[in-house]
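Quick note on labels: first sequence line is chain A, next is B, and so on, each numbered from 1.
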Amino acid sequence: MAEANPGITPQPMGLRSHYIGSLPEIPTGESVALCGWIAHVREHGEHLVFVDLRDHTGMVQCVVAHRSQLSVEAAARVTGVVDRRPPGTENPNLPTGSIEIRVSTLEILGPAAPLPLPLEDDRDVDEYTRLRWRYLDLRRPRMQRNLRARAAVNAALRRAMETQGFVEVETPLLWTPTPEGAREFLVPSRTQPGAFYSLPQSPQIAKQLLMIAGVDRYYQIARCLRDEDLRADRQFEFTQLDLEASFVTQHDVRRVVSHAIQAAVRAVRGHEAPPIGEITWREAMARWGSDKPDRRFGMELIDLSETMRDSGVRALSAPYVAALVVNEPLSRSRLDELTKRARSLGVQGLAWFRVDSTDPLAVSSPLLRVVPGELVASLVATCGARAGQTILAVADTFVRATSTLGQLRLELGRHQARPEELDIFWVTDFPLFEGLDEDGNPIPAHHPFTMPHEDDLDLLEHEPLRVRSQSYDLVMNGWELGSGSMRVHRQDLQARIFRILGLTPQIAAERFGFLLDAFRYGAPPHGGFAFGIDRLVAILLGEEAIRETIAFPKTSSGQDPLTGAPKPVDPSVLAPLGVRVAVLRGSTS
RNA sequence: GGACCUGUGGUGCAGCUCGGAGUGCACGCCGGCCUGUCAAGCCGGAGGUCGCGGGUUCAAAUCCCGUCAGGUCCGCCA
């Protein structure tokens, strides 16, 4: 995988004269003082002991001529002389493999008890154990690489934003509850007992106020907090590069973001990023069944709506019919599993046609009784399916049919993606709303401050689901890296959208009155973006979970095995906050 | 809220289908030997509430129910 931070070795100070990574460049015979941790000890009797000393820049073999009490992972300081290794004993697997340190002193600065987990990079260790002893887990070279790669990305992003004229402004962590959107973490107020701050899901509203304040170009490496269930790519708290600019178009915003992403790729990978492409939301859904498609492998969906129109086949009659060709003859039991999976994703069923041979056309399918032969033939032809392949088809609404097959496509084909390949592109023209809630009100696809497409403004009241938005996502290797939009900056339009969302003027004023107020005083047109740094770093490093890029992450149930957080607190602590715990356990509703 | 996988000396696993003594492997740890190894090697040793609770059975790591924890996914994530 990529080497993070190649070649950067800090100036030594304090107890050390050199970092281990710089040793190959210094002349033999030079005296050095090295500090680090004892990685391995190899004893050959009393008068020859090899000690591998490791710091974050590398590892070197130290030759000790007398036995002493040594424990693995003790913090140690070695003084001695750099020496060429005797011929035949060089280790080509180590950058320092042609030299060794002839040790004059070896001090144990911090002895180490036997370790509760192995520190070799390639050893699997249970996640709980890793997090329980995170400070040891982080000592592993891979985690050191990850932390340092993340620091390099942060630095590169700051540089990229500064050179593009953006101003870093910090916004409050103690913010006001905004009940739209993600579930929020609440913080009880001591000075106003019974009232609560909330931790921000993002600095969205704050940065819009900064635009009204005349900041013009804002950015921040911002911590965001959302009290939603955790995933491999989601933690309660995560970090975004957040930015916003005034008097700009979405193309300006996207150009700024592209520069930042390219700087981050350079910082970690040491090479240029591939060109950043662009597709519409509709195309992403139609071809890959996802608004964040992984395009590093094929298996594109096929539109069978025309082929099946007026066919009279009930199982394949719906507004939209999508198909996916799998490059193997799936077994009956596998197809049953896939059908179950498709149902669990919310569709009625999964149709399948297995092409057993092409000449003569022999197809297996439970639908052969109801689908005429010529229709089967044209269906197979439309899909371009060959002998030995299986066609999966779903008939439903456009979104349900494509996203169900898109999920199956991922599960069946993801292994084909080359992990080191980077595929980065914009997804544009999202719908403004993604459906209706139980009261029949539209649900914002992005957030309620997103500017509708100018051409679709007339549809807002009567056909809200057809309204496109001026929003754009950035997708990288099948992960949603971030999203942004042009914002509503006019009070009348914002009030209109709140009304369409079903918020009465009273409620809108209560929750967002301060924002609507601000729009009355010369709000500039503005737009911005935010993308997840945890995810960006994970992708650039080839890690599959953002936990690997975070120093102290939580488990999937939101706990921290190292500190034991979250913990109950004493009622005497809660009383001044105006808080009393009513339900200790067994209930979350 | 739901689905699936996992839980066995400090670590990683096998054993579980077909119930029969805590049986096995690798790493680590402790002791001994060893002057050119490099994930050193050789010899010896210690170390277990088979996650927890209940049930079935003459007998449970193994079968059943519940529960807790870790992971992945669905819902959720403006």
Kindly say if A:Ser344 contacts the phosphate of B:A3, meaning a side-chain N or O under 4.0 Å from OP1 or OP2.
no

Base, sugar-phosphate, or nothing for A:Phe50, non-hydrogen atoms under 4.0 angstrom?
base

Check the pair A:Glu184 / A:Gln201 against side chain to side chain donor-acceptor pair (under 3.5 Å), numbers first and verdict last.
CA-CA 7 Å; A:Glu184 296 175 324; A:Gln201 313 166 31; 2.9 Å; yes

The criterion is salt bridge (charged side-chain N to carboxylate O under 4.0 Å, His left out); which residues satisfy it with A:Asp291, sequence neighbours excluded?
none

A side-chain contact here means heavy atoms from C-beta on lying under 4.5 Å apart; do A:Cys62 and A:Asp52 qualify?
no

Check the angle between the aromatic planes of A:Trp175 and A:Phe514 and answer parallel, tilted or perpendicular using the 30° and 60° thresholds.
perpendicular

To the closest 0.5 Å, what do you measure between CG (A:Leu503) and CZ (A:Phe512)?
7.0 Å

Sequence neighbours left out, cut at 3.5 Å: what donor-acceptor pairs do the side chains of residues 81-92 of chain A make with other protein atoms?
{"residue": "A:Asp83", "atom": "OD2", "partner": "A:Arg102", "partner atom": "NE", "Å": "2.8"}
{"residue": "A:Arg85", "atom": "NE", "partner": "A:Gly97", "partner atom": "O", "Å": "3.3"}
{"residue": "A:Arg85", "atom": "NE", "partner": "A:Ile99", "partner atom": "O", "Å": "3.0"}
{"residue": "A:Arg85", "atom": "NH1", "partner": "A:Thr89", "partner atom": "O", "Å": "3.1"}
{"residue": "A:Thr89", "atom": "OG1", "partner": "A:Pro86", "partner atom": "O", "Å": "2.7"}
{"residue": "A:Glu90", "atom": "OE1", "partner": "A:Gly88", "partner atom": "N", "Å": "3.1"}
{"residue": "A:Asn91", "atom": "OD1", "partner": "A:Asn93", "partner atom": "N", "Å": "2.9"}

Just to be sure I understand the rule, does A:Ser557 reach a base, reach only the sugar-phosphate, or reach nothing, if contact means heavy atoms closer than 4.0 Å?
sugar-phosphate

Would you mind reading off the distance between A:Ile101 atom CD1 and B:G36 atom P, rounded to a whole angstrom?
20 Å

Euclidean distance, atom CG of residue A:Asp473 to atom C1' of B:C77 [Å, nearest integer]
13 Å

Aromatic plane relationship, A:Phe498 with A:Phe449 - under 30° parallel, 30 to 60° tilted, over 60° perpendicular:
perpendicular

Give none if B:C63 has no partner; otherwise give the nucleotide forming a Watson-Crick or G-U wobble pair with it, both distances under 3.5 Å.
B:G55

Please determine, for B:G44, whether a Watson-Crick or G-U wobble partner exists with both distances under 3.5 Å, and give it or none.
B:C30

Where do N or O atoms of nucleotides 42-47 of chain B meet protein N or O atoms at under 3.5 Å, pair by pair?
none

Does some side-chain heavy atom of A:Cys35 sit less than 4.5 Å from a side-chain heavy atom of A:Arg77?
yes

Quote, to the nearest angstrom, the P distance that separates B:G24 from B:G44.
15 Å

Check each residue of residues 495-510 of chain A for a non-hydrogen atom within less than 4.0 Å of any atom in RNA chain B, then write out the ones that pass by number, or none.
none

Base, sugar-phosphate, or nothing for A:Glu100, non-hydrogen atoms under 4.0 angstrom?
base

Above 12 or not: heavy atoms from other molecules or residues under 6.0 Å from CD of A:Glu411?
yes

As a test of reading the structure: which of B:A39, B:C76, B:G71 is closest to the side chain of A:Asp229, going by heavy atoms?
B:C76

How do A:Arg67 and A:Glu228 order along RNA chain B: which one's closest nucleotide is nearer the 5' end?
A:Arg67

Can you check whether A:His40 reaches A:Gln61 side chain to side chain, under 4.5 Å on heavy atoms?
no

Checking A:Ser104 now: which residues fulfil side-chain hydrogen bond (donor to acceptor under 3.5 Å, both in side chains) with it, not counting sequence neighbours?
A:Thr79

Pairs flagged by side chain to side chain donor-acceptor pair (under 3.5 Å) wherever residues 231-243 of chain A is involved - sequence neighbours left out:
A:Arg150-A:Thr239, A:Lys207-A:Asp242, A:Tyr218-A:Asp242, A:Arg223-A:Glu237, A:Arg223-A:Thr239

Let me know the distance between CD of A:Glu120 and P of B:G28, rounded to the nearest Å.
8 Å

In terms of the nearest nucleotide of RNA chain B, which residue is placed more toward the 5' end: A:Met59 or A:Asp233?
A:Met59

Give the intermediate values and the outcome of salt bridge (charged side-chain N to carboxylate O under 4.0 Å, His left out) for residues A:Glu73 and A:Arg54.
CA-CA 9 Å; A:Glu73 290 306 321; A:Arg54 183 197 71 237; 2.9 Å; yes

Residues which pass side chain to side chain contact (heavy atoms under 4.5 Å, CB included) with A:Ala417, listed by chain and number, not counting sequence neighbours
A:Asp294, A:Arg296, A:Phe297

Is a side-chain N or O of A:Thr404 found less than 3.5 angstrom from the main chain of A:Ala401, in a donor-acceptor match?
no

Which nucleotide in the list B:C29, B:G70, B:G75 gets nearest to the side chain of A:Arg234?
B:G75

At less than 4.0 Å, is any side-chain N or O atom of A:Gln559 found next to OP1 or OP2 of B:A69? Yes or no.
yes

Check the angle between the aromatic planes of A:Tyr135 and A:Trp133 and answer parallel, tilted or perpendicular using the 30° and 60° thresholds.
perpendicular

Note: contacts of residues 36-45 of chain A with RNA chain B (heavy atom, under 4.0 Å) are A:His40, A:Arg42, A:Glu43, A:His44, A:Gly45

Which is true for A:Arg183 with a 4.0 Å heavy-atom rule: it touches a base, it touches only sugar-phosphate, or it touches nothing?
nothing

Taking OH from A:Tyr128 and P from B:G7, how many angstroms apart are they, rounded to a whole number?
18 Å

Reckon A:Arg341 touches a base, only the sugar-phosphate, or nothing at all at heavy-atom distances under 4.0 Å?
sugar-phosphate

Which residues pass the side-chain hydrogen bond (donor to acceptor under 3.5 Å, both in side chains) test with A:Asp560, not counting sequence neighbours?
A:Thr563

Any base atoms under 4.0 Å from A:Gln204, or only sugar-phosphate, or nothing? Heavy atoms, all strands.
base

To the nearest Å, how far apart are A:Leu345 CG and B:A3 P?
15 Å

The complete set of salt bridge (Lys or Arg N to Asp or Glu O under 4.0 Å) pairs with one or both residues in residues 426-448 of chain A, sequence neighbours excluded, reads none

Taking CZ from A:Arg343 and C1' from B:A3, how many angstroms apart are they, rounded to a whole number?
16 Å

Nucleotides 11-17 of chain B: protein proximity per nucleotide (B base, S sugar-phosphate only, - neither; heavy atom, under 4.0 Å)
BS-----

Can you tell me the Watson-Crick or wobble partner of B:U23, both distances under 3.5 angstrom?
B:A14

Residue A:His47, side-chain heavy atoms: nucleotide from B:U72, B:U35, B:C38 that is nearest:
B:U35

Determine whether any donor atom in the side chain of A:Arg231 lies under 3.5 Å from an acceptor atom in the base of B:G71, or the reverse, and answer yes or no.
no

At what distance, to the nearest 0.5 angstrom, does CD1 of A:Ile497 lie from NE2 of A:His447?
11.0 Å

Near RNA chain B, counting only heavy atoms under 4.0 Å, which residues of residues 80-90 of chain A show up?
A:Arg85, A:Pro86, A:Thr89, A:Glu90

In this structure, how many angstroms lie between the P atom of B:U72 and the CD1 atom of A:Ile546, rounded?
10 Å

Nearest of B:G71, B:C74, B:C38 to any side-chain atom of A:Arg547?
B:G71

Whole-Å distance separating the CD atom of A:Glu480 from the P atom of B:C76
14 Å

